[in-house]
Amino acid sequence: GWFAGPILLTAPHSLKLTRGGGATGERSRVHKRERYTSEIVLMLARALHEIGIPAAFMVWNRAAGPGKGRLDPNYLLEEQFASSPWHRGLHKWICTNAADAPLFHV
């Protein structure tokens, strides 16, 4: 499945996200989407699969559009973790696939 594999490829900025605001003490601003990041992740996951290396992937569904819960995962406060779909997805992958694996984020 899309969430199984020892490698997790992500594109957290594949759609407009909110940074700051609320409890952060910063002004709220929009991080513009980074074009083609989802496509790159999906193509890389497929290429790895084709050579026998299973890779999980996580991208935003751009068809869903922006939403209140779509906060930039690079700017989350600890108290925002539970309300962030992105953070919950990362946590789920770690708990089910790689609890002891080294993590790397670009």
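All values below were derived from every heavy atom in this structure, side-chain atoms included, with hydrogens, water molecules and symmetry-related copies excluded.
- The hydrophobic clustering, which links ILVMFWY residues whose side-chain heavy atoms are closer than 4.5 Å, places I40 and L9 apart.
- Side-chain contact between T37 and V41 is absent, with no heavy atoms from C-beta onward closer than 4.5 Å.
- Taken to the nearest 0.5 Å, the CG atom of L90 stands 10.0 Å off from the CZ atom of F81.
- Residues S38 and S14 approach most closely at OG-CB, 2.8 Å, considering heavy atoms.
- Residues satisfying the side chain to side chain donor-acceptor pair (under 3.5 Å) test with Q80, not counting sequence neighbours, are none.
- Here the straight-line distance linking atom CH2 of W86 with atom CG of D72 works out to 10.5 Å at 0.5 Å rounding.
- Considering CZ of R70 and CG of L17, their distance stands at 9.0 Å, rounded to 0.5 Å.
- Interatomic distance, Y36 OH to E34 CD, rounded to the nearest 0.5 Å: 13.5 Å.
- Between P73 and P12, the shortest heavy-atom distance links the atoms CG-CB, 3.5 Å.
- Summarising the local packing, CD of E50 is surrounded by more than 12 heavy atoms from other residues, nucleotides or ligands at distances under 6.0 Å.
- Using a 4.5 Å heavy-atom cutoff, the side chains of H87 and L71 are not in contact.
- With contacts defined as side-chain heavy-atom distances shorter than 4.5 Å, the pair H13/H31 qualifies.
- Between W93 and A56, the shortest heavy-atom contact is NE1-CB, 3.6 Å.
- Once rounded to the nearest 0.5 Å, the distance linking CE of M43 with CG of L48 reads 12.0 Å.
- Within the 4.5 Å cutoff, the side chain of F57 has no heavy atoms near those of the T10 side chain.
- Scanning both residues, V30 and K16, for their nearest heavy atoms gives CG1-CB, 4.0 Å.
- Here OG of S84 is found 4.5 Å from CG of L76. Values are rounded to the nearest 0.5 Å.
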* To do: Could you give me the CA-CA distance, side-chain angles and deciding distance for R19 and E26, then say whether side-chain contact (heavy atoms from CB on, under 4.5 Å) is met?
  => CA-CA 8 Å; R19 284 185 176 172; E26 299 178 358; 5.7 Å; no

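- Looking at heavy atoms from C-beta onward, Y75 lies in side-chain contact with R29 at the 4.5 angstrom threshold.
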